[in-house]
Amino acid sequence: MAEQQPILQMQGIHKRFPGVVALNDAQLRLFPGEVHALMGQNGAGKSTLIKVLTGVESCDAGSITLAGKPIRAESVLEAQALGISTVYQEVNLCLNLSVAENIFIGRFPMSRFGIDWKTLQTKAMAALAALNVDIDVTLPLSSYPVAIQQMAAIARALSTDAQVLILDEPTSSLDEDEVGRLFDALRRLKARGIAILFVTHFLDQTYAISDRITVLRNGEFEGEYAAAELPRIQLISKMVGRDIDEAAFARQAGAEIAPAEDEAPFLAARGLGKLGSMRPIDLDIRAGQVLGLGGLLGSGRTETARMIFGIDRPDSGSTQIKGASVNLHSPRKAIREGLAFCSEDRKTEGIVAELSIRENIILALQARRGVFRFLSVRQQRVIADEYIKQLGIKTSDSEKPIGQLSGGNQQKALLARWLATEPKMLILDEPTRGIDVAAKLEIMDLVKAQCRKGLAILFISSEMSEVLRVSDRIAVLRDRQKIGEIAGNDADEPGIFRMIAGGEA
Amino acid sequence: MNIQACLRHRLFWPCATLLLLCLINFAFNPNFFDIEIKNGALYGSVIDILNRAAPVMLVALGMTLVIATRGIDVSVGATVAISGAVVAVMIGGTLAIQDGVQTYVANYPMPLAMLVAVLVALLCGLWNGALVSGVGMQPIIATLILMVAGRGVAQLITEGQIVTIYYEPFFFIGNGFLFGIPFSLYIVAAVLGLLLVLTQKTALGLFIQAVGLNPTSARFSGISARALVLWVYGFCGVTAGIAGLIVTSNVKSADGNNAGLGMELDAILAVALGGTSLDGGRFSLMGTVIGALIIQTLTYAIYSLGVPPEVNLVVKAVVVFTVCLIQSEKFRSMMFTSKQRVEDKS
Amino acid sequence: MKAMRYINPRTLPLVVTTALFILLFGFGAVSYDAFLSPQVFVNLIIDNGFLLVVAVGMTFVILAGGIDLSVGSVVALSTMVTAALVQHHHWSIWAITPLVLIIGCAFGLLHGVLIQVFRMQPFIVTLGGMFLARGLCYLISIDSISITDPTYTALSEYRLPLGAETAISLSGVIAIVTLLVGVYIAHYTRFGRTVYAIGGNERSALLMGLPVARTKILVYVLSGFCSALGGILVTLYMLSGYGLHAIGFEMDAIAAAVIGGTLLTGGVGFVAGTLVGVMILGVIQSLIAFDGSLSSWWTRIAIGFLLFLFCLLQRLLERSKLGKK
């Protein structure tokens, strides 16, 4: 193995975005005929590294060599021409075209009269057969499930004689059988000597398919390991950047389930699940308590929150509020029942950037009151100013467009929007994402303070230390299912990562 | 600082354009600003422009709200025709002898006829709204259907004839004067006033903006965007219906084929000229009124310059392209890359 | 999966359209003796040839996810330019025709560039083009210009015999040829497939390395060309140029494409379907003409109703597809 030359080598890659260092001296090696997993937390720099490699972004410093020759792709197409093909999470094909066209569009076989459909179909069948897929290639891509679409995308990527295949979270929307088929295809490609870079959040899949693993953390290269020689618990600790004390875990073992409390929970979810997005889950969220959802990215945290708030309709299970069965079929209904939801995607699902801070703060309250019970501008200003003061939103004026605020202050304004509705339960999905450390601490203190006032809180964060810091109890998720629940004061990071890593580590 | 604020005000450019057009008119026609009083009513170019702009102002006001929700309504011209047809057929006017004097009487009481016409227009609007918010069609396509079929419906109502109205009181709406000012302007003022109250004294304005700017965020905040969009289209139908009454009263007849022809385009243009983004969100009702006045003043200027009135279309085309170019971010960044401010980015 | 093969959601609108056409034509044949003659059928093409030509261009624009509202005005402008040049300046038809086609393409180019380069909405840009072309008509002349040139009258009256009692006009032939070329372009050229890809998912098309910008601009050029060609056919049909020709024509063209099974959101449809769409519009007109008691406005209502039905059908198909995922 060691004698083999890497087909692709990235060294000393630096990339800065305004205000952030995305990559700092990152590196990556890919050997022919291997599946290489790229792992890391949110913001570790995985996607930036791939963007640099595929020509979407240019790097500030560093070298990339392919088969010994230095390359610098300026666009996705150039990268493709060089032999680096990418298959993205959302299938980037045209669903309206036939499978065959999707594989070969841009490189159609031509006859004297134009496109040679016969040859096209034969070639497409052959390309898919190489991946062990046998389907009618003349049907539109949309008539097939995502897994087949994924296969078509891979076939397209390979049809350019790719030496390097990048799979960016290809399994996010696949079920187990489909993942199995995909891995089957990957093994065939491996045998053909193609180097595969596999980005995923699923630990099980990482170990099922990869030969080696590169871990990135905070934009830096953490290490490159043979998958067989890196225990799960080690991998997690590399990813989160903390050593996990083996002994500490032993102490936790007995304390997995927090004692049930007598009082009925504010919201109880039973078997809430949605096919292809979240396995049935039970959750109890109590007044005056913070329930943390712990788990790695892609473990189903956001999906759970969206189901509870009525954004995505669950196809199984039921919800009870204070013991009474309710059907939260829309956010509107959920809000009427006293729920509030701070989305993880602040820009597209949270703020209305062009509206003022004042308008953003009173939006949900006004929506609850209806069109005609209008809060006068003066009343609005009183409410807005009160929350600006209470939450310490730094702005000179509540009339400024909210888009001009910093991320942390936007987040506080969104918190204010929901607190203004005087909710009974607050769902916070990554409330601290993309904001500076001081603001993070402030927001967590605010959450705690609200909780003490009797609010039930569901807290979601990628940063396990945050979850631990604020949560009274923690429900641990892995691969879209709940694997356990622990009391907050009994829990520590190693314990939770142990649970996520699974028993076998 | 004050001049800066003034320059940046959203109504600055529409107002400046209108003023410039007025000055051009004045340069070619020194009597442009003259207003005289004849028979207790005001006459003059300015009054004439205001009066003629009334229907477009009304339609454009309704259109402003539709566009603010990221929609468009191309069926307003057809709605104008339908409303005109309904009111014309219901009023009509037959010769009768009352107390020995020949007078025309309406087939149905005039208030009833007008109410029915506006209700029919409301139905047209709600139909559009249902297709957009209920069925989920793209707004341009949903309203295209009524644009195609609406003129047929209008002709169906008038049975293909141009229905002439002989009932004197009805003419007052489009041609009458109240306290020296054309009556139609009172209607515009009333609708504008109502809208200003609704958008500023109720949450309507806020909700419309929120839905237009960020529909997801609006939904997550608990705004029922569906109902909102439905009624916004309904309201747009109503304004078109009222405009239909004025147009019909103006020409004392209803022509299903030509009434309100091209009015949807004028209305959209007025909205764009008034500074409302065609991509939805922030809107300006006053801007729309000024936009409609710009169009009418431009038409007037073309007439008074002695250019054939048909050239108007070419000028309008140039205006459309210019306004859109100015609204186009790509164009702006090409022109003013150096001036870009950090705050503009958000 | 099996059932899917029989009811393909892509072809379903076209199947419905064809069935509807047969139904309407059959109804005409049963009701009116003279209806079931080959000439009535051919007349459908002769009388609607220019619509077919324009609708083919429109189909490409819609397939690429755009819309072109200027087609009617460009048709009018073409009649006007032709009539003015032949009547007032006595140009030869061989000089006029290329010029008119170039003007049409120029309009399309203008639209395409504004839409693609400046990211303006197709709807609003072509609306501007609509004003511009009509305005230019009136700049040439406000009144209708009749054409008395012998070449044009001869071409207008020319009939190519098809069998015993049937004959087709030159415009009919041109329309059919245009349709065939359109079908070829859509299904056998890279350009055509790129149009479909852009309509399906523009971002993906870009990532797949397709020439998106060029294709999008060319689509509008193609539509401009078809409009100009349609204008030439209208000139032959009417033997006049007039600024009021082809008012509301863009709506007929859009309706023909949609009724012919083209999805208004782009990416799905058949150019051949547009022929059926045009024929349905034609049959409705013929039926109403044959009936005599029905007034002409029923045509507009019927077209609007069909447009509604097909848009609804498209939405339902889209929804059922989304629901499946």
Side-chain angles (χ1 to χ4, degrees), chain B residues 72 74-75 78 127 131 134-142 144-160 256-258 261-262 264-265 268-269 272 278-279 307-325 327-332 334, chain C residues 62 67 69-70 73 110 114-142 243 247-248 250-252 254-255 258 264-265 295-312 314-316 318-319 322:
Chain B
I72 195 108
V74 293
S75 73
W127 161 264
L131 289 187
V135 182
M137 287 185 196
Q138 293 160 274
I140 174 152
I141 287 145
L144 190 71
I145 294 169
L146 191 61
M147 183 185 184
V148 172
R151 296 218 170 265
V153 172
Q155 282 179 299
L156 182 69
I157 296 169
T158 63
E159 293 175 332
N257 235 346
N258 291 314
L261 197 64
E264 54 279 341
L265 308 180
I268 295 167
L269 191 56
L278 290 177
D279 297 327
V307 182
E310 287 76 12
V311 180
N312 204 348
L313 280 174
V314 180
V315 179
K316 269 188 197 169
V318 173
V319 172
V320 170
F321 286 139
T322 316
V323 170
C324 289
L325 270 179
Q327 285 198 358
S328 153
E329 248 167 61
K330 178 88 186 215
F331 179 77
R332 266 191 264 181
M334 276 165 80
Chain C
I62 296 178
I67 201 145
L69 296 181
S70 73
S73 307
L110 173 72
L114 286 176
I115 291 164
Q116 179 58 30
V117 178
F118 295 108
R119 310 268 155 207
M120 295 189 201
Q121 296 180 15
F123 159 68
I124 209 82
V125 169
T126 53
L127 188 67
M130 176 182 182
F131 283 145
L132 187 61
R134 283 252 183 245
L136 291 177
C137 285
Y138 295 126
L139 274 184
I140 296 171
S141 165
I142 292 165
I247 280 199
E250 51 281 342
M251 297 309 154
D252 287 344
I254 293 170
V258 171
L264 271 165
T265 42
S295 318
S296 61
W297 53 83
W298 279 105
T299 319
R300 311 230 44 92
I301 298 177
I303 294 175
F305 182 67
L306 281 182
L307 203 55
F308 165 69
L309 277 189
F310 278 84
C311 287
L312 203 64
Q314 290 183 356
R315 269 307 293 173
L316 291 178
E318 265 171 64
R319 275 203 183 167
L322 285 179

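First the proteins, then the strands, lettered A, B, ... as listed; each starts at 1. Worth saying up front: this structure is predicted, and the values here are computed from it rather than measured.
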To the nearest 0.5 Å, tell me how far [X] [atom1] sits from [Y] [atom2].
X        : Y        : atom1 : atom2 : answer
B:Leu144 : C:Glu250 : CG    : CD    : 9.5 Å
C:Ile124 : B:Ile268 : CD1   : CD1   : 5.5 Å
B:Ile145 : C:Leu309 : CD1   : CG    : 9.0 Å
B:Leu265 : C:Phe131 : CG    : CZ    : 4.5 Å
B:Ile140 : C:Gln121 : CD1   : CD    : 8.5 Å

Side-chain heavy atoms of B:Leu313 within contact of C:Leu132, under 4.5 Å:
no

Check: C:Tyr138 and B:Val314 side chains under 4.5 Å, non-hydrogen atoms:
no

Looking at [options], which one has more heavy-atom pairs under 4.5 Å with chain B than the rest?
options                                : result
C:Leu110, C:Leu264, C:Val258, C:Thr265 : C:Leu264
C:Met120, C:Arg119, C:Met251           : C:Met120
C:Leu307, C:Leu136, C:Leu312, C:Ile301 : C:Ile301

Part of [X] within contact of chain C (heavy atom distance under 4.5 Å):
X        : answer
B:Val318 : neither
B:Leu156 : both
B:Leu146 : neither

Closest heavy-atom pair, B:Ala317 versus C:Gly128, reported as atoms and distance to 0.1 Å, is CB-O, 3.3 Å

Please give me the minimum heavy-atom distance between C:Val125 and B:Phe321, naming the atom from each residue.
O-CE2, 3.4 Å

With a 3.5 Å distance limit and no angle check, can you tell me whether C:Arg315 reaches the backbone of B:Val135 through a side-chain donor-acceptor pair?
yes

Below 4.5 Å, heavy-atom pairs only: which of B:Gly150, B:Ala142, B:Ala154, B:Gly152 has the largest tally toward chain C?
B:Gly152

